[in-house]
Amino acid sequence: MKKFMFVLMAGLFVCSQAALAGNVTGSAAFSGTAPAKTEIVMAADPTCASLHTEPVYTEEAVVNSNNTLKNVFVYVKTGLEGKTFPAATTPVSFDQNGCHYMPHVTGVMVGQPLEIINSDSTLHNVHSLAKESKEFNLGMPIKGMKIKKTFEKPEIMVKMKCDVHPWMNAYVGVVSNPFFAVTGEDGSFEIKDLPAGTYTLAAWHETFGEQTAEVTVADGQPATANFSFSG
Amino acid sequence: MPPKKPSLYSLDKTTVAFALASVILVIGLVWMVLQDSTREWKGWQRKFMTYMHEKSVAERDQTLKAVNQGELKRLQTELDQAKAVVKERQKDIRKAQKELDIINTRQIKIKTSYQNLKQFQDSDRYYYEEDEEHHEKEKAEPYAKAMEARAKEIAEWKNKLEDVEAEQAAKQSEINQWTGKVTELEREKARLERDVTTVETKIKNFTPTLAKEILNAPMLDFIHPTLQVQQIVVEKLQDDYYFAKAQKVDRCITCHLGIDQKGLEDAPQPFRTHPNLDLYLSSNSPHKMEEFGCTTCHGGSGQSVSFTTAAHTPRSPAQAAEWHKKYGWESLDYWADKMLPLNHVEASCAKCHTGAVEVPQAPQLNEGRRLAAEFGCFGCHKVEGVERWKVGPDLQHIQSKLDADWIVRWLHNPKEFRHSTKMPQIFDVENTSDPESLDKNAAAIAGIAAYLMKHSDPIALTAPSAAGDSEKGKKLVEEIGCLGCHTSQGFSANHHGPELTGMGSKVKTDWLFSWLKDPKHYSPGTRMPNLRLSDQEAADITAFLMSDRNEKFEGIRAPYVKPEVVSSMTVEFLSSTMRHEDAEKKLTEMSPEDQLEFIGSKMIAHQGCFGCHDIKGFEDAKPIGVELTYEGSKDLSKFDFGFVNVPRTKQDWIAQKIRNPRGYDHGKVKPYFEKLKMPHFGFTDEQANALATFVLSLQKADIPMDMRKTLTETEKETETGRLIVQKMNCQGCHTVDGVDGRVRAMMTDAGAMPPVLTGEGKKVKEAWLYHFLKAPVTIRPWLHYRMPTFEFHDKDLTSLVSYFNHLSDVPARYVADELPQTTPEMLKEGKNLFEQLQCIKCHKSNPEPGLSASFLAPDLVMAKNRLRPDWILDWLKDPQAVQEGTMMPAFWPEGASPLPDVLEGSADKQVQAVRDYLMAFHPEEEKKAPVPETKA
């Protein structure tokens, strides 16, 4: 009987935990005229140029076909104060591929490793212009090289650049919780298992700035938060 | 009743007189004693006792809390137990103690006998040695025998002594087995309670007791009072009382009782701790209290022990009022050496710290000195030991630069043309604004303009060879380095050179073009460097600068110059050297132009324009201002306060003079040429105060040489370099000597900023730096900022090289070709690494055109001659640590090598190999070293 009660209690506890969190979904809509695409000229480094047959465009404003924005970093701006979350141990991949950062925008937790990869057979240097965390600038001359780096403090956003190839730049959002996402090809995002509560979500875009939205998560119900940017 | 004896005095009257006198004496005595026992400082000392008592009691509670109570309890229990044991064994202990006493007595007896024997032996030895020396064998013989016989005896007694001492130790340890524990525990307990005990002692010291009251009681306090005047007798310094010098005795600590004690930082005054004990007062500071006293820096009357007579000086009228209310403070009008208010106390630093551009930790004094140099104060005021240079432009070729009309409008109101100008307002100010003076001002200005135009040589000018593009010129001004000294169109990082505004309303186009191309052509002494502009660049900048006009200024109409005023001024000047009649006669011989030129030359002499400007005809003129070498020591009575309502102190007089130089003429009736003539610079209160501190610091101090700060050779060289750096405004662009390069704040991309020169002495070789400063070459082709050519003299060049060396604490090394020792293997691996790490990707000698700016890095061909081998190692290991924000990446982050197969993967060895290769690198090698394509 006692054993049964224990199992029941444990079950209830687990359920209540699940019931007290919910997923937040949404998208970053875009209105207005999309800026013209800028082609990257890689002639300065023949190795880079040889890696592409198709033209490559800059990514400071990528408007998807469904009039949404790609590369929007969505994170919890307020509502999690006083809560601490252990840093995730799975590294976030950050690849220098075809003289291009992949992905252009990504997020990482404070203390979570960012695995920087060089997939090109040319010299890259990855220069973090972090203001809150210690700035780093690493030379990566060998193809296949991997270096793991972490950030010590939250920062929206840390700019990364390559001094060898000035067209290469990317942004990393450093936050102190696991609740963040980046919009993709369809402009949508999903933040999983956000504990029940009321939050201000913020959506950051490199060109179009930051938008915020209030969202309340309750009882395992999915919540939505939509952002709209205009050009 | 016996008859009254006749006397010369009346007994009754005398008695009355005596009685009266004794009453007066008693009252006088009581009054005196009361006065003495209620002296101001005694009150403060009593208050200090109360304050410290309260503080210590509070402290005791804190320390008690800090004591580990559990541990204390355990010790107490154990101690009690140990004491119980001792009590129980009392009988045994007493018995053992008695036995020990007997043994002790025996030991003393034995020891005495033993020592006596030894003394006899020594005595015999002495006689034996002496007789032997005198070859008296027969006499010596008996001593030798006696010694031999006694030696045995001594050995025996020594054994006896050792035995008894062993016995003693055994007995003592027998006793200790019972009592030893108590001693040990008591010691441990005392250690635990040490802090509490200290506080307890303190409390005891500060607790009022009857004994202390008696000792301090009136009439008894001559014996040994606890309330006493405290004083510092400063051995090496003397106070000057005009007719006599007396040793410096400072009694400030009679009331400032906590001044050198830590922990009283928040105490009420006068008990508060000095705010900087690391620098002052404490025994390990450079300014020890016993050596320097208080008034050496603070001023005031050190021997006085009352608030007023110590000559405290309030910082403001508000504080004066507050002090008067609180302490009955009055200003000591007849005491010359009043205390310096805290905001001017840095002036005293200069008593000992002479010969330095910067006195450490004296920001206001340093700022004052800097302002004085920047605004050309030394042009008119001689100050011994200060370098002078003319801060204004050279006027010897002025006619090629601008016209007379501009000079007239400018002299009437310089700020109207350029608000930020350092040119002061000389005419039309407070004491020369009456109609008569205004007429004279107009004539004087016209005269000066006429003189300057006439007494200047034309100079060859070049017209812009190409049409200038104003837009491009604007960009150049913003990017090429002009902002390193000048303010232009809202970009305001530097105010070293004049603000670049309204040039179109001032100078001739050809002049500006020629000036930009080669400033020293027009003015050999100018500090404006040569930016090595191409004709096109100079034309563009000329076009841009000339496009900016000051229409308001152009529209100003100069006041009408009355010919009769010109004539009367001419006569007035002439009359100073000849009879009036002759002067009148001479006037008739002069044309109006001659008269103008004549009064111009006289006005230039009168106002001392040559203090800041090079003017023909005034090459050897002496500065017109009061010499300020010892201004700070000047008697207060020699400062003319006139009818101006400022507090009667030197600092207030000086600050007021600097703020409003003509102000002290207020209410005075003076002829035009006798009026005060120091021009109006428009200083802010803050600037005026800094300058006042500097002027106060100029004093004749009677300080022995060994107490002064004497600069070492190294420090002197550093100071010389520092002065050049300040004079040439190197910090306008570069971060050096703890100051951030001022233009850097306007930029966001660290890679585009002018280089940081912190650690430059450690980085580059002396010879290279010398030649670079002499004739700069491009090191960083991606920078728009251009290192100008200053055309330094050799002396300045060597000073600058030494300065950079000293800042990095690197001794000068005159090694022609300093190369590290290396091996062919290291060079081979170095080359291999150089290629694999693709260094050449950024460090190109001849970058292909069209590459983006940040593609580039310094040409490594230069490294061999430019860089110090050791620096390259530090740099390669962690570039960010050497220069934050650099584009140079770390190839061996945290000591890990990306190439484990080269040189056993050792980062240190790889770094060294690359360095060795670089030091042997030749330009041809680069061509042979194409960027390798690493196979996937």
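In what follows, chains are A, B, ... by sequence order, proteins preceding strands, each numbered from 1.
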- Answer with side chain, backbone, both or neither: which region of Lys149(A) has an atom nearer than 4.5 Å to a non-hydrogen atom of chain B? side chain
- Item | Lys762(B) NZ: over 12 foreign heavy atoms closer than 6.0 Å | no
- Against chain A, residues from residues 889-899 of chain B with at least one heavy atom under 4.5 Å, in numeric order, are Pro889(B), Ala890(B), Phe891(B), Pro893(B), Glu894(B), Pro898(B), Leu899(B)
- Task: Give the member of Val41(A), Val126(A), Asn125(A) that has the highest number of heavy-atom pairs under 4.5 Å with chain B.
- Result: Asn125(A)
- Message: side-chain contact (heavy atoms from CB on, under 4.5 Å), that's the test. Do Lys841(B) and Thr47(A) meet it? Break it down for me.
- Response: CA-CA 11 Å; Lys841(B) 192 133 217 168; Thr47(A) 318; 4.1 Å; yes
- How many angstroms lie between atom CG of Asp163(A) and atom CE of Met887(B), to the nearest 0.5 angstrom? 5.5 Å
- First locate atom NE2 of His127(A), then atom CD of Gln880(B), and finally report the distance between them rounded to the nearest 0.5 Å. 5.0 Å
- Query: Counting only heavy atoms not in Glu81(A), do more than 12 fall under 6.0 Å of its CD?
  - Reply: yes
- Message: Using a 4.5 Å heavy-atom cutoff, which residues in residues 128-138 of chain A come close to chain B?
- Response: Glu135(A), Asn137(A), Leu138(A)
